[in-house]
Amino acid sequence: MVYDHKSIEKKWQELWERTSAFVVTEDTGKKKTYLLVEFPYPSAEGLHVGHPRSYTAMDVLARKRRANGENVLYPMGFDAFGLPAENYAIKTGQHPAVITKQNIDNFRRQLKSLGYSFDWSREVVTTDPSYYRWTQWIFLQLYKHNLAYKAKAVINWCPSCKIGLAHEEVVDGKCERCGTQVEQREKEQWMLKITEYADRLLADLETVDYASRIKTQQQNWIGKSEGYTVNFKITDSELKIKVFTTRLDTLFGGTFIVMAPEHPLLENLVTAEQKIAVDDYIGATRSKTELERKAEDKDKTGVFTGSFAINPATNEAIPIWIADFVLMGYGTGIVFADAHDERDFMFAKKYNIPLKTTIKPIDGSDDTEIRKLEICFSEKGVLYDSEEFSGLTSDEAIPKMAKKFGQPSVQYKLRDWVFSRQRYWGEPIPMVYCKNCAATGSASSGWVPVPEKDLPILLPQVEKYEPTDTGESPLAAMRDWVKTTCPKCKGEAERETDTMPNWAGSSWYFLRYCDPHNSKQLASPEKLKYWLCTPNSPSRSTKCEGGVDWYNGGMEHTTLHLLYSRFWHKFLFDIKVVPTSEPYAKRTSHGMVLGEDGQKMSKSRGNVVNPDDVITTYGADTIRVYELFIGPFADAAPWNTQGISGVRRFLDRVWYLALPYENEAERGQTSDTTKRHVAKLIKKVTEDIEAFRFNTAIAAMMEFVNYAYACESAKTPIPLEALKVLLVVLQPFAPHLTAELWERVSKEQVVVWLAPWPRYKEEDIVEDEVVVAVQVNGKLRGTVRLSIGATEEEYIAAAHGNENVARWFLGKTIQKTIVRPGKLVNFVVTE
RNA sequence: GCCGCGGUGGCGGAACUGGUAUACGCGCAGGACUCAAAAUCCUGUGGGGGCAACCUCGUGAGGGUUCGAUUCCCUCCCGCGGCACCA
């Protein structure tokens, strides 16, 4: 009887569907576990073979934890707002909602064909009005708490997508999505004050269990820097300027000031005779792209303002320059410059600005080249020519100088989140602009939030989805929709026509899974508490005491989705909507599945593998096991067709091994060796699943099957009990195959996915005899068998008894003997 | 430039707190079955030497610590990922 994966998989998938096998409720009698994978964007191409890697891994954990008696929530949904559906709509004239529905149906079919134990009754779709109603509601709360504001800002504009991008969506000066070089445009945008949460987003990384590379990336992105601000007076003026520095110790060497070309104070500082030169320079800077500005690493440009400032340390007048290497968006947009910074040094050399060194190396090494200004010394060291601070080290001097010259200041690289998108297929931003209220001052900005009872603001049906070059959303053309009454003064008002970025819906979807059909709230506090809070932990402490238990997703979302959703969650915690301060207690990332050629899969390379084809040929269980066996979970791995047939061979061997005997009495009895193999199998698979080491868990199962086959050929087949253990531990990986075999051989009422996870005794693993390595001078010269309780003397005697070992003693003296029980004996010999 | 991760057979990769390097899988070679092939099963498989027992070299390179190093330390080379004119 052959292993017919098609009929077996169909049979069990239908049963799971019919019986709602994996639907969960809030059962307080059980330990809860909330496992989460990033929900997919339902593209027209269908599932990528990369998706099953993450989903299967978490499904294995979910099935294992369930077998272990835990109440497991493992939900799935779709993140369906976004550009591809809209672009496809433009091309075909179909409504994005129609396209999205088709794609979701296809994705759902594919996911079900892989046998995942998702609770499908909790499916959420971000484009569903009953869902985005709450996305809009969260926006209103952010607005109420002054965390959403509209401001004119220079933003990154993608001329191809015709959309403004968040800082996080620009990679190497290019659009993250399409790779087109971005332009700088000034535009009114809704912004979210994520910077207000910078410190907590950074500090609370200590309270969560994230893979270290994820933490590091978030830390880098937030980019906290502790330093000081220093005030400089302007000569012949009442004006003062403020600079930020982390190197206050170099203040005595500060011989000029540099300001960002965009700095608003410039108009007060540029002298009449310098005005033309400055205007030229600023004009030239504006025409450069961000990429061009960055590329000028070696060739810094700038212009003198004509004004001078007083260095508070030396009381000397120092020139104020403008240069585009100083960024308006960081610090105060002004720096003081000195000989101990590479950029300042280069800039001063180019424009013949005087420099002065005030720091020498701490180790006292020769500093003539530094003093002669031939090279730049930018490290910390020992101060000189710095009045009472001379002789101090940089670290000693900084706090002392701060008392006299500066105020402590913390700066972040993180910038506020640009939240407006000029496209159709996104959540409408629930705000209206009222001229009347702006004039009367009842809403000074003119922006009035839509009342919560009016949510959701539905996307209107439009004729055309085309984005515009002017940066206006297609919604702006829908005059009937745009025209509305002001909720405040009931006068004429206009709706906001920009929509939210696709990161909005995914920032909180895991909360909705807890209570997906709630029409009164985003989710009920009781349900959120059940699924998010670790039992028995004090609630509402500042430390994270819960969240999703384990969240797996792509590395590419570390500075986007992960940071955004932590921000929203912390806000929702502050307004007492959610019970934990962090959304995810644990976060891991999977490695990419590459094409057979080791390259990223892409249509243009022609190396794309379609999961449907693999399922048809080899079966869902085979692709599940293969994707986890392919290599360490966190590493990228190339697809390999021969590797997949190896996995299929393994499952075939399980199939033939576990088919029922005509006469079950012919099976063997449990030997100590079998007992040991079974115990080792349970231990290895149990531990490896929890550590996401699936490749070695599968290897252990293969070894067990090889052992079972060896027993068969020796005419002592392993007993049914051992076989059943194999089926239970293999169940999370190959749920269909094991369900079928279990039904045929187990003689039990309970189905395999409800069978309890097996336990083992540590003593069953220990062998009576151990093989001990015998080394001479650290080199292996033989092995001996010893009983487990052997004394040290017996170890040495046995080692001496080995013929090959004895040969190495001829003409030598044993200086030392090292015995490691159960491991080895090592003789140290000399001539 | 800075930060992080990694470099092990022909290939994907194993190796616990330093203790028999190369588990498991792929590939390859030989054998069984077959008219033959495929599938399946069995055996072998790091390099060099030897009829063999064994010997020797071997985890990117070089050095160090240790009875013993893929594992710890130093220097360097290469690859991957992130950040990057951040004052």
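The figures here come from the full heavy-atom set of this structure, side chains too, leaving out hydrogens, waters and symmetry mates. Labels below follow one simple rule: chain letters A, B, ... track the order of the sequence lines, proteins then strands, and each chain is numbered from 1.
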Sugar-phosphate, base or nothing in reach of [X], heavy atoms under 4.0 Å:
{"X": "A:Arg781", "value": "sugar-phosphate"}
{"X": "A:Asp635", "value": "nothing"}
{"X": "A:Trp639", "value": "nothing"}
{"X": "A:Pro638", "value": "nothing"}
{"X": "A:Arg693", "value": "nothing"}
{"X": "A:Asp652", "value": "nothing"}
{"X": "A:Val335", "value": "base"}
{"X": "A:Gly646", "value": "sugar-phosphate"}
{"X": "A:Val771", "value": "base"}
{"X": "A:Leu824", "value": "base"}
{"X": "A:Glu703", "value": "sugar-phosphate"}

Lys/Arg cation over aromatic A:Phe325: A:Lys300, 6.0 Å, 45° cone: yes
[N] phosphate, OP1 or OP2: any side-chain N/O from [X] under 4.0 angstrom?
{"X": "A:Ser225", "N": "B:A87", "result": "yes"}
{"X": "A:Asn640", "N": "B:G25", "result": "no"}
{"X": "A:Trp221", "N": "B:A84", "result": "no"}
{"X": "A:Asn220", "N": "B:C86", "result": "no"}
{"X": "A:Tyr412", "N": "B:C86", "result": "no"}
{"X": "A:Arg649", "N": "B:U40", "result": "yes"}
{"X": "A:Lys816", "N": "B:C67", "result": "yes"}

Nucleotide of [options] approaching [X] most closely (side-chain heavy atoms):
{"X": "A:Lys300", "options": "B:U20, B:C85, B:C86", "value": "B:C85"}
{"X": "A:Asn695", "options": "B:A23, B:G27, B:A14", "value": "B:A14"}
{"X": "A:Arg820", "options": "B:A84, B:C55, B:C67", "value": "B:C67"}
{"X": "A:Asn706", "options": "B:A15, B:A87, B:C24", "value": "B:C24"}
{"X": "A:Arg807", "options": "B:C55, B:C42, B:G4", "value": "B:C55"}
{"X": "A:Asp324", "options": "B:G13, B:C85, B:U56", "value": "B:C85"}

Could you identify the nucleotide paired to [N], looking across every strand shown and requiring Watson-Crick or G-U wobble geometry with both distances under 3.5 Å?
{"N": "B:U45", "value": "B:G27"}
{"N": "B:C72", "value": "B:G64"}
{"N": "B:C2", "value": "B:G82"}
{"N": "B:A21", "value": "none"}

Does [X] pair with [Y] as a salt bridge, N-O distance under 4.0 Å?
{"X": "A:Arg587", "Y": "A:Asp209", "result": "no"}
{"X": "A:Asp341", "Y": "A:Arg343", "result": "yes"}
{"X": "A:Asp249", "Y": "A:Lys380", "result": "no"}

Can you give the donor-acceptor pairs under 3.5 Å from side chains of residues 693-701 of chain A to other protein atoms, not counting sequence neighbours?
from	atom 1	to	atom 2	distance (Å)
A:Arg693	NE	A:Asp688	OD1	3.0
A:Arg693	NH2	A:Asp688	OD1	3.0
A:Thr696	OG1	A:Asp688	OD2	2.8
A:Thr696	OG1	A:Arg693	O	3.1

Residue closer to the 5' end of RNA chain B, A:Gly643 versus A:Ala636 (nearest nucleotide): A:Ala636
No-H, no-angle donor-acceptor pair, A:Gln775 side chain to B:G19 base, under 3.5 Å: yes
Nearest-angstrom distance, C1' atom, B:C72 to B:G19: 14 Å
Solution key, residues 213-222 of chain A side-chain donor-acceptor pairs under 3.5 Å, sequence neighbours excluded:
from	atom 1	to	atom 2	distance (Å)
A:Lys215	NZ	A:Leu205	O	3.1
A:Lys215	NZ	A:Val208	O	3.2
A:Thr216	OG1	A:Ser212	O	2.7
A:Gln218	OE1	A:Arg566	NH1	2.6
A:Gln218	NE2	A:Thr558	O	2.9
A:Trp221	NE1	A:Glu168	OE2	3.1

